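What follows is a short report on a single structure.
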There are 2 protein chains.
Amino acid sequence: MTVLFSKKCEYGLQAILYMAAQEEDRICSAEEISNKLSIPKEFVSKILQSLTLNGIVESKKGKTGGFKLSINPSKIKLIDIVEAIDGLESFNSCVLGFSNCSPKNPCPVHKEWGELRNKAYEMLSSETIDKFKEKTLTKIGVL
Amino acid sequence: MTVLFSKKCEYGLQAILYMAAQEEDRICSAEEISNKLSIPKEFVSKILQSLTLNGIVESKKGKTGGFKLSINPSKIKLIDIVEAIDGLESFNSCVLGFSNCSPKNPCPVHKEWGELRNKAYEMLSSETIDKFKEKTLTKIGVL
DNA sequence: TTTTAATCAGACAAAAATATCTGATTTTTA
DNA sequence: TAAAAATCAGATATTTTTGTCTGATTAAAA
């Protein structure tokens with residue numbers, strides 16, 4: 001198995017993109033998100049619950065309850081979600097699993113991987129997710 | 001958690017680099033590799049056993065037994081090890097976990113991630129591991 | 001020939017990731 | 001006010017990954 005993000009993180013990213021593509025302040029139930037994205041309902045619910053603790057999402061209880069972004073999509077980057085769910089350690093650890101990999105004690109691919117990692121970080125942090133609205137709608141087929 | 005390779009794959013890569021940095025045809029016991037790389041002995045043993053099936057490693061039983069590369073390091077690339085252990089699916093699947101991510105049905109970061117992924121693939125496949133001998137020796141401290 | 005030290009095979013165990021269930025609480029709506 | 005439908009919290013279950021153990025076999029060396 002080779003992975004970049006955990007399932008939890010992938011689902012979180014998808015759910016956030018989904019919500020960001022909705023009309024502002026529209027509340028989405030866990031069930032709706034689950035159906036549209038084919039994510040187990042309780043699982044996505046848990047993930048969004050945890051993101052409420054980070055202040056990225058807010059929830060409303062009771063009938064007509066659900067989740068919505070508590071921050072405007074123009075203020076959210078993909079890296080924020082990744083950080084909240086998976087953390088950023090992987091952007092600081094050796095791709096080959098060696099310990100103490102650093103410029104002073106580099107692994108055989110330290111430099112090359114470092115550059116790639118920086119580009120990946122940049123990819124996740126250069127654009128805010130409001131830029132992804134159209135693409136998300138197309139991908140998800142919510143048109 | 002964010003990961004690029006599984007532990008199994010990281011250990012496999014380290015062990016192969018270790019063996020490639022030894023004198024040609026020198027046999028390394030699982031215990032030696034375990035000690036030098038701080039990998040659980042039985043685990044690295046299992047990994048190397050499985051790599052014998054791919055023809056990358058060969059084993060010798062009995063006292064003075066152990067493992068050595070069955071291919072010259074100048075014929076092995078990191079991607080070969082990755083493929084043998086983790087497989088290459090991640091180089092063909094969506095970083096956000098969306099299904100059917102393709103140029104015709106792209107996710108919001110399809111193009112950008114595709115480029116990065118290609119560079120990562122290139123990093124793992126452009127150089128053979130004989131080029132890493134010195135760096136490996138330095139990193140591992142077997143001088 | 002016996003002891004020693006290694007792989008090998010397969011079962012087993014532990015930990016982490018992923019997923020589900022249950023029941024309490026909340027809030028809208030009939 | 002009662003029913004319905006949602007979050008929320010916490011326990012539980014399942015699956016995958018990671019790691020360990022045991023015993024059989026092999027081969028070198030005493």
Side-chain angles (χ1 to χ4, degrees), chain A residues 1-15 19 25-70 82 84-87 89-90 97, chain B residues 1-15 19 25-70 82 84-87 89-90 97:
Chain A
M1 184 229 35
T2 320
V3 158
L4 191 72
F5 303 129
S6 67
K7 277 273 169 232
K8 207 184 271 185
C9 190
E10 288 182 359
Y11 291 160
L13 287 163
Q14 290 186 26
M19 292 193 285
D25 286 330
R26 180 171 164 249
I27 288 179
C28 307
S29 72
E31 180 148 47
E32 172 190 344
I33 297 173
S34 165
N35 288 334
K36 292 291 170 87
L37 300 176
S38 305
I39 303 174
K41 181 180 145 193
E42 281 83 5
F43 201 21
V44 75
S45 179
K46 280 265 181 256
I47 295 166
L48 291 174
Q49 278 170 38
S50 84
L51 288 175
T52 63
L53 303 178
N54 297 278
I56 296 170
V57 163
E58 64 186 55
S59 68
K60 186 191 169 202
K61 288 189 178 182
K63 194 167 180 173
T64 75
F67 300 91
K68 72 185 191 76
L69 298 179
S70 65
V82 172
I85 299 178
D86 275 348
E89 319 91 61
S90 72
Chain B
M1 185 228 33
T2 317
V3 157
L4 191 69
F5 303 129
S6 68
K7 275 277 169 229
K8 208 183 271 183
C9 190
E10 288 181 1
Y11 291 159
L13 287 164
Q14 289 185 28
M19 291 193 286
D25 287 328
R26 182 173 162 246
I27 287 180
C28 308
S29 72
E31 179 148 47
E32 172 190 344
I33 298 174
S34 165
N35 288 335
K36 291 291 170 88
L37 300 176
S38 305
I39 303 175
K41 180 181 148 193
E42 282 83 6
F43 202 19
V44 77
S45 180
K46 282 268 182 249
I47 294 166
L48 292 175
Q49 279 170 39
S50 83
L51 288 176
T52 63
L53 303 178
N54 297 277
I56 296 170
V57 163
E58 64 186 56
S59 66
K60 186 190 171 204
K61 289 188 175 183
K63 193 165 179 173
T64 75
F67 300 91
K68 72 185 191 75
L69 298 180
S70 65
V82 172
I85 300 179
D86 275 348
E89 321 90 61
S90 73

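Letters A, B, ... mirror the listed sequences (proteins, then strands); counts begin at 1. Please read all numbers here as calculations on a predicted model, not as lab measurements.
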- Main-chain N/O of I39(A) paired with S34(A) side-chain donor or acceptor, under 3.5 Å: yes
- Grab the CG-C1' distance between D86(A) and dT18(C) for me, whole Å please. 13 Å
- Query: I33(A) CD1 to dA19(C) C1': how many Å, rounded?
  - Reply: 17 Å
- Query: Can you name the nearest heavy-atom pair linking E10(A) to G97(B), along with the distance?
  - Reply: OE1-CA, 3.3 Å
- Task: Any chance you could measure F67(A), atom CZ, to L51(A), atom CG, to the nearest 0.5 Å?
- Result: 9.5 Å
Report each atom pair, protein N/O against N/O of nucleotides 11-19 of chain D, whose distance is under 3.5 angstrom.
from    : atom 1 : to    : atom 2 : distance (Å)
dT18(D) : OP1    : K7(B) : N      : 3.0

- Write down the atom of I47(B), the atom of G12(B), and the distance for their closest heavy-atom approach. CG2-CA, 3.9 Å
- Decide side-chain contact (heavy atoms from CB on, under 4.5 Å) for V44(B) and Q14(B); before the verdict, give the C-alpha distance in whole Å, the side-chain angles of both, and the deciding distance to 0.1 Å. CA-CA 10 Å; V44(B) 77; Q14(B) 289 185 28; over 6 Å; no
- Message: Are T2(A) and I85(B) packed together at the side-chain level, in the sense that at least one heavy-atom pair is separated by less than 4.5 angstrom?
- Response: no
Check nucleotides 22-30 of chain D against the protein and report each pair of N or O atoms closer than 3.5 Å, with its distance, or say if there are none.
from    : atom 1 : to     : atom 2 : distance (Å)
dT26(D) : O2     : G62(B) : N      : 3.3

- Query: Between dA5(C) atom P and K41(B) atom NZ, what is the distance in whole Å?
  - Reply: 11 Å
- Compute whether any side-chain donor of one residue and acceptor of the other, for K41(B) and S45(B), lie under 3.5 angstrom apart. no
- Message: Taking K68(A) first and then D25(A), would you say they form a salt bridge - that is, a charged N and a carboxylate O separated by under 4.0 Å?
- Response: yes
- Rounded to whole angstroms, how far apart are CD on E31(B) and P on dT7(C)? 9 Å
- Check the distance between dT7(D)'s P and I47(A)'s CD1 and give it to me in whole angstrom. 14 Å
- Message: From CD of E32(A) over to P of dT7(D), roughly how many Å is that when rounded to an integer?
- Response: 10 Å
